Structure formats: C-alpha cells, structure tokens
Amino acid sequence: MTRTQESSAHWGTFEVEVSDDGRTVLATRPYVDDPDAAPAIAGVAEGQHHPSRVTRPAVRRRWLENGPGPDPRRGDVDDEYVEVEWDEALDLLAAELGRVRSTHGNRAIFGGSYGWGSAGRLHHAQSQLHRFLNSLGGYTRSINDYSRGASLVLLPHLIGPLGMRELRNRPPSWGHIAEHTDLLIAFGGLRRSNTWVVPGGHDRHVVSRLARSAAASTRIVSVSAQRDDTLSELDAEWLGIRPGADTALLLALTHTLVAEGLADDAFLATHTVGADRVRAYLRGEPDGVEKTPEWAAEIAGVPAERIRDLARRAASGRTLVNVTYSLQRAEHGEQAVFAAVTFAAFLGQIGLPGGGFTHGYGSMGDYGVGVAPVPLPTFSQGTNTVTDFIPCARISDLLLRPEPTIPYDGGTLDLPDIRLVYWAGGNPFHHHQDLRRLRRAVAAVDTLVVNEFHWTPTARHADIVLPAATGLERDDLAAGAGDTRLRAMPRAVEPLGYAREEFWIYDQLAKRLDADYAEGRDSHEWLEKIYEDWRQRPEIPDAPPFAEFWRDGGTPLPQHHYRDGAFTDFRADPEAHPLDTPSGRIELFSATLDGFGLDDTAGHAVWIDTAEVAGSPYDLQLLCTQPTHRLHSQLDMAAPSRSTKVAGREPVRLHPSDAAVRGLTDGDIAIVRSAQGSLLAGVVTTDTLLPGVARMHTGAWYDPSAPGIADCINGNVNVLTKDIGTSKLTQASSGARVAVSIERYDGEVPPVRAYDGPRLASR
C-alpha cells in the first residue's frame, strides 16, 4: 500500500506518493488538471533520497583542528569533513557566534539567505535565519534581488515607490490584453519556462493558456537574440537584436516618434517632466550623435526601416511595451528599462486600457494572471538593530573589501569587516558572478556556516554544515502572490538521517546564546499562530479555523476584483492622483539622478556602449538564461535536469555557422572561456540564435575538480560572468551576458564530481 498527498514548491503544487512505512518518496508528479506543469516536479522524489543529501552535521576538518580564520583552501574539492553529533555541532557554532559578537560586534555577521529554499510560509529559510540573527542583536544584511536589482533602484526615481508597487501588482491581465491591446512589444521575449516559477508556488499554472488566448487578438513582437525566447504557440514576430542593444533600439524608436510627429505631446506636457531634455538628447545635442534608426541599426543589427515601421505600428494602435527582468541584469542594464519607460511615455498610452509600460511578463508566473494579491501568513523576522547592508550582488565586494565603501543610489555604503557568514536557503555558487573571485571572498572570512539539504557547491565551501529538513519533511503552508488557494503542506516523510527543521536548529542555538527565538512555541504551534493571525485580518473574511483548514488541505484565497492596468487614476487626473516622485509626474529626466553626478548614469535614458574592444579574443556574446528543467540550481542532480545535459554536462547552444567555423558539431565537448574563467560544455547547434550569439542556462553545480583543464568542468556559467555592478547607481547583478570564446576540447575528459559530496569521516 502507498499513500498520496499534496505538497508545494516554488514551481507549483504537486502530488507525492509515499511508501507504506512513511519513509520513502516513491514519486512526485503534477496534478492531471495542471495545464502547464513544470518538469522539475518529477525530480523532487529523486532529490529527496539522492546520495548528495546532507544527513549528519559535519565540520570541515581544517577548521575543526585549526580553529576559525581565513583559509585559502576553503572549498578544496578534496577537503575532508568530520561528521559530529548535533550537540557538538551546535556547541561549536554557538561558541563561534559568541566569539564574533563579543570581539567584532554583530555587524561582523553577514546573514546570507536569498530565500529560494522551501516554498512554505513558516519554514521560509530567509525569514527563519533573519529572525534568529535578530534575536542575537542583528546582522549585516543584503537588499534587493538578483532578478530585478537595477530596476528596484531606478524605477522609484522615475515613477515613485507607490508607482513601482502599482506596476508590480496591477499590470494588465492577459484577458485585458486580449480585449484592448493591438500590439505587445516584448523586449527580452516571453519565455514559457519562467512562468512556471512563483515565490511560494501556484496551485495551477495558467500563464501559457492565458497568453495563447491573448495572442488570438493581439499581435506580439519578440525583441530578442533568441527566436525561441517566446512561446511558439503565440506566433510572435521575431525581431532579432544583438545582445545589449535594446537601449539603442528604444531610443531610435522614440526618435522616430518625435521626427514623424507621432509622439503624444499633450500627454508628455501634463503627465511627465523632462521630455524636452530627452528630445535634445535624441537630436544629439549633448554628444553630437543623433539617435536615428540608422544609428541604432549599426548597433543592434536591425534594419533602420524595420525600426521605423515598428515605431509607426506602435503609434497606430494600443501598444503595450514589456521589458523582461533579464535586460537589466547587465552592465548599464537599467538604461534599457529607463528607455522603455521613455518610449512608452512618448507613445502617450501609459494608464490607458491595455497600453503603456510593464516589467515582468515572461519573467515570473504571477505577473498579469488577473488575480489580486492578498496578504499571506508570515513568520516575523523581528527587528534588526544593525543598519549596515549591501545590494545582494555585492557579496564578494563585502567579503574582500577592496575598498572600505561602495557608491549606491547617490550615497555611499560602508562595508563592515565580516568575520562570519551564515547562509541558508540559497546557493551563491550558483547565483553569484565570477566564482573564482567568490572563492577568494569566502576564503577571507573566519567561518562560513550553511544549513542545507544537499552537498551543494556552497556547502562544499562551508566550515560547519547543518542538515536541514526538506519541504517534504516538515509541516507548512504555501501560496504565491496572485494565487487562488492557500494550501496545507503536511509532512510527507520522516527527515532523512539526522536532518532537522531549521526552526529546531535556531531554537537550540538561541538557547545556548541566552536568546529567545521560539517564544515558547514549537514549530507546529507557530504554524497555527501565523495562520490564525492571518485569518483575523479584515481582508480575509471567510477563512476557517486552523484545524478545519488543515483537515481540508487548504482554503480559497479571497478573490478581490482585479483592477486592470497601472496608473489609471494618475492618467485620468494627475493633479488629484500624482505619483510619489518629486514632480508628481513620470520623470523622464530626473533632477535627483542628475544631481548624483555619477559618470555612468544621467538624468535621462542614455546609450552606453559596452561592446568588446576590437581584437578581443572573446568574439561571441554568451546569454546566461534561466534553466527550463530546474529552479536555479535546485535538483540539478535529478533526472529532469540531467535530461538536458550533453556529454554529461551543461550544454552551450550556438548558431550552426558559428559552430562550423570552429569545427564543432552536436555532442562535442567545448571549452568556453571569458576574461574571468573557463568551463567545459556539451555542444548543441540551433538556428534559433543569431549568429555571433551563444546561450547557456545558469544553475549547473560548480565543479572545480580539474583546474588544469577548466575552472568548472560541469558548465557553471558563472565562472565566466563579470562580478561588477550594473552601475554606481544600482550595484545590481550584471550576469545576464558575457563575451566568450568557444573552441573544441579534445583532451582527456575528467569525470564530473559535483554531485558526489565530500570525503566524510566520523569521530
């Protein structure tokens, strides 16, 4: 006999089949009525029992024997770990936390959680770690995210913080687009696989169905270097563009509106500031370069007449301009977002039904689904009394401290002297850029602590590794923004080996440090409390008591009427409903930004050339995209992710003409190099890419086990990417593309060791 129950992850809700003894996950599968389930669901069962699971507390031998301190060998592939009992591991960690706090202060602790662990509302790795560190007196934190880091800093200057919230929560729904939008211009495409993912997961995946319905009445133009960057069923028109040239194209589109009298001057006069400064820039007055379609054609590889035609089509009907998150994850990537807002404003359709500017279709599965987000149960993180922070993409800068400060958003951030890093719920050796530099950074601290399910590359760099229970090994509840149902997540199986809930880990540590983490409640009592606190909110009128909710497996979320389209009130009456910008209007020229005096940011959108210098050996532009069969690096060892590998490692895709000139064919192994590092990859040729462009997915587990051959023999693309901020304004990730060389590798092929786990010893 077996039993089947429901569980959830960031890629959705699914069924779990469990053995009759309650110890083994036999299978995980999507619901039969999920119209577009994520492939990663099938890998959950394998990941649950994979040999790479961390099953006992472990301490790196060199740290155990030599004590805390910088260690250039931290992360050595042959480092040995000693498995210890829980009491010893907790005593060691509590003592080290106490030492750092008393000697260096709480600002010397970095709480490095990025939050993509469990989808649960209680067992949310980021919330739990931050609550624990706050109970000790605080920690240095990170802000923003890798996905939208540049936009989160830039857009509040243009449309205000409240406008930013409206843009996120009230974009036109796909149904609204179907009814009102004539033309959807998708800069960065509309990638199907990205819509499988929502923080907290969704009950069912609906975006593909909704987008197909909209495409029946709305013409879609995909502006991308990849023809397959948009769902094939949408029959989108492909406008192939060289990577990084979107800002130039957008400026030329805006130039065409002005030159041909198509700009909405009335809207610009009443709802924006700075249009005259933009016009002057487009005419080339500040720099002597007029931003004509001919100018953009040389940069973008798009014929000038196609640029003019697209501008005319946009002005002739209701047009929605969408920019995916990926465009701003690059050097000066915020300029593409700035230029898209500018183009949409010159069209004059912001705030009209089905028109204007959006930022998220094709990037996340909760964008434009037509369901109003409602508050969800949360586990309080408490109060952090340490004021130090960094943008999340500046981890290596923080730990290496090449300078004591960094510029950020018109100010300056101090970089504390970090001695201890506590990481939970993420894998910086996936998310971060220039992994050789990150290795030097983590080698510089006294102690790195990780709570983990598996021996990920980050765990393999840690000094203390604590085995955390997975989402299938603990009770929780789940829902994502714009979801229709709050779901119960009852424990499916007992924790494997000595794995424990992170709640228990932090409670035990807090008791050793005379702190109060749990407030006298166990995790199930907290689960009931956050649910009951939530259902008392006035926005949640009909939720049942916790016992009934748990018995029924969930409860519908209130389906408030979704109000389509951001900025409708502002559009109707900008005086009565101003934006919360200094002018109350859309700031196409921001005096605040201009006043910062930064050499890589202006008061208006600008083109900044980042092309490789002539003669560079790195003659291909590599796009670093989100994976299709895993979430970030999660479950890279499982069958769905393995099914995408070529020659046993992450594939690199390139145009047949680029492959031919390099003597490459499908299935070959190539060595890919950049100024930052090198990797081995399996070759796939495809005519869905422009010539001169290559593509790799992020998230392959970092494997530095054969440094004489390549920095990563498993194809982790972030050994190639640059660890530099998008700009001095935003300091966000610039890892979406990098210049590379690719050539055939004919040497000895080393075995991939990324999923083996370290050498383990016992007391």
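The model shown is predicted, which means the values in this text are computed figures rather than measured ones.
- A distance of 6.0 Å or more separates the ring centres of His632 and Tyr146.
- Looking only at side-chain heavy atoms (C-beta outward), Arg279 and Phe346 come within less than 4.5 Å of each other.
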Is there a side-chain hydrogen bond (donor to acceptor under 3.5 Å, both in side chains) between Asp723 and His432 once you walk through the steps? CA-CA 8 Å; Asp723 185 23; His432 203 60; 3.2 Å; yes
Gln335 and Leu250: side chain to side chain contact (heavy atoms under 4.5 Å, CB included), yes or no, with the steps? CA-CA 10 Å; Gln335 295 302 326; Leu250 282 157; over 6 Å; no
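- Between Glu233 and Arg192 no salt bridge is recorded (no basic side-chain N to carboxylate O distance below 4.0 Å).
- Between Thr342 atom OG1 and Leu257 atom CG the span is 11.5 Å, to the nearest 0.5 Å.
- Counting only distance, with no hydrogens or angles, the side chain of Lys291 and the backbone of Tyr281 share a donor-acceptor pair below 3.5 Å.
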Let's go through Leu190 and Leu184 carefully: what are the C-alpha distance in whole Å and the side-chain angles of both, what is the deciding distance for side chain to side chain contact (heavy atoms under 4.5 Å, CB included) to 0.1 Å, and is it a yes or a no? CA-CA 11 Å; Leu190 294 168; Leu184 169 58; 4.1 Å; yes
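- Checked by atom type and distance alone, the side chain of Thr247 pairs as donor or acceptor with a backbone atom of Ala336 at under 3.5 Å.
- Atom CD of Glu298 is surrounded by 12 or fewer heavy atoms from other residues, nucleotides or ligands within 6.0 Å.
- Not a single donor-acceptor pair under 3.5 Å links the side chain of Ser641 to the backbone N or O of Ala638.
- Salt bridge status for Asp756 with Arg460: absent, with no side-chain N to carboxylate O gap under 4.0 Å.
- Between the Ser734 side chain and the Ile724 main chain, a donor and an acceptor come within less than 3.5 Å of each other.
- In this structure, the separation between CD1 on Ile742 and CG on Leu654 is 5.0 Å, given to the nearest 0.5 Å.
- Atoms NE2 and CZ, from His255 and Arg283 in turn, are 9.0 Å apart once rounded to the nearest 0.5 Å.
- Looking only at distances, no side-chain donor or acceptor of Trp295 sits under 3.5 Å from a matching main-chain atom of Ala252.
- Among Leu690, Asp246, Val693, the single residue meeting the side chain to side chain contact (heavy atoms under 4.5 Å, CB included) criterion with Ile241 is Asp246.
- Side-chain N or O atoms of Arg242 include none that pairs as donor or acceptor with a backbone N or O of Ala225 at under 3.5 Å.
- In this structure a side-chain-to-backbone donor-acceptor pair under 3.5 Å is missing from Asp703 to Ile713.
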Trace of the side chain to side chain contact (heavy atoms under 4.5 Å, CB included) decision for Asp228 with Arg653: CA-CA 12 Å; Asp228 60 351; Arg653 293 171 171 83; over 6 Å; no
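- Note on Asp79 versus Arg74: no salt bridge recorded, every NZ/NE/NH1/NH2 to OD/OE distance being 4.0 Å or above.
- The closest side-chain heavy-atom distance from Pro293 to Thr256 is below 4.5 Å.
- Between Ile390 and Leu415 the shortest side-chain heavy-atom distance falls below 4.5 Å.
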Walk me through it: do Ser224 and Ser222 pass the test side-chain hydrogen bond (donor to acceptor under 3.5 Å, both in side chains)? CA-CA 6 Å; Ser224 173; Ser222 175; 5.1 Å; no
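- Ring geometry for His604 against Phe589 counts as tilted: the plane angle lies between 30° and 60°, on a 0 to 90° scale.
- Looking at Arg695 and Asp229, no side-chain N of the basic residue comes within less than 4.0 Å of a carboxylate O on the acidic one, giving no salt bridge.
- Evaluation of the salt bridge (charged side-chain N to carboxylate O under 4.0 Å, His left out) rule for Asp397 yields Arg394, Arg437 as partners, not counting sequence neighbours.
- The pair Asp619-Arg662 meets the salt-bridge criterion, with a side-chain N (NZ, NE, NH1 or NH2) lying under 4.0 Å from an Asp/Glu carboxylate O.
- In this structure the side chain of Thr456 never reaches within 4.5 angstrom of the side chain of Ser633, judged on heavy atoms.
- Of the possible donor and acceptor atoms, none in the side chain of Gln626 sits under 3.5 Å from a partner among the backbone N and O of Leu631.
- Taking the side chain as every heavy atom from C-beta outward, Tyr325 and His359 approach each other to under 4.5 Å.
- Proximity of Asp287 to Trp607: side-chain heavy atoms (C-beta onward) are nowhere separated by under 4.5 Å.
- Contact detail for Gly735 and Gln433: the closest heavy-atom pair is CA-CG, 3.7 Å.
- For the pair Ile307 and Leu310, the minimum side-chain heavy-atom distance is 4.5 Å or more.
- A salt bridge links Lys645 to Asp636: one of the charged nitrogens lies within less than 4.0 Å of a carboxylate oxygen.
- By the 30° and 60° cut-offs, the orientation of the rings of Tyr755 relative to Trp701 is tilted.
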With side-chain hydrogen bond (donor to acceptor under 3.5 Å, both in side chains) as the test, would you mind laying out the steps for Arg191 and Gln226 before giving the verdict? CA-CA 10 Å; Arg191 183 167 286 273; Gln226 310 168 75; 3.0 Å; yes
Determine whether His697 and Arg630 satisfy the following criterion, side chain to side chain contact (heavy atoms under 4.5 Å, CB included), listing intermediate values before the conclusion. CA-CA 10 Å; His697 288 155; Arg630 57 180 178 261; 4.1 Å; yes
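- In this pair, Tyr702 and His461 present their aromatic rings parallel. The plane angle is below 30°, not in the 30 to 60° band.
- Under the side chain to side chain contact (heavy atoms under 4.5 Å, CB included) test applied with Phe338, the options Val323, Val606, Leu158 reduce to a single match, Leu158.
- Taking OG1 of Thr721 as the reference point, atom CE of Met696 lies at 11.0 Å (rounded to 0.5 Å).
- At distances below 3.5 Å, not a single donor-acceptor pair connects side-chain atoms of Trp455 with backbone N or O atoms of Ser52.
- The structure places CD1 of Ile185 at 9.5 Å from CD of Glu237, a figure rounded to the nearest 0.5 Å.
- The two residues Glu334 and Thr601 have their closest heavy-atom pair at OE2-OG1, 4.4 Å.
- When every heavy atom of Leu729 is checked against every heavy atom of Val153, the shortest pair comes out as O-CG1, 3.7 Å.
- The two atoms that bring Ala393 and Ala732 nearest to each other are CB-C, 3.8 Å, heavy atoms only.
- With a 4.5 Å cut-off on side-chain heavy atoms, Ile669 and Arg649 count as touching.
- To the nearest 0.5 Å, atom OG of residue Ser733 and atom CD of residue Gln328 are 8.5 Å apart.
- When all heavy atoms of Thr458 and Pro428 are compared, the pair lying nearest together is OG1-CD, 3.1 Å.
- When atom types are taken as modelled, the side chain of Gln676 and the backbone of Leu720 share a donor-acceptor pair closer than 3.5 angstrom.
- Residues Gly365 and Val207 come closest through the heavy atom pair O-CG2, 3.4 Å.
- Using a 4.0 Å cut-off between charged side-chain N and carboxylate O, Lys728 and Asp600 make no salt bridge.
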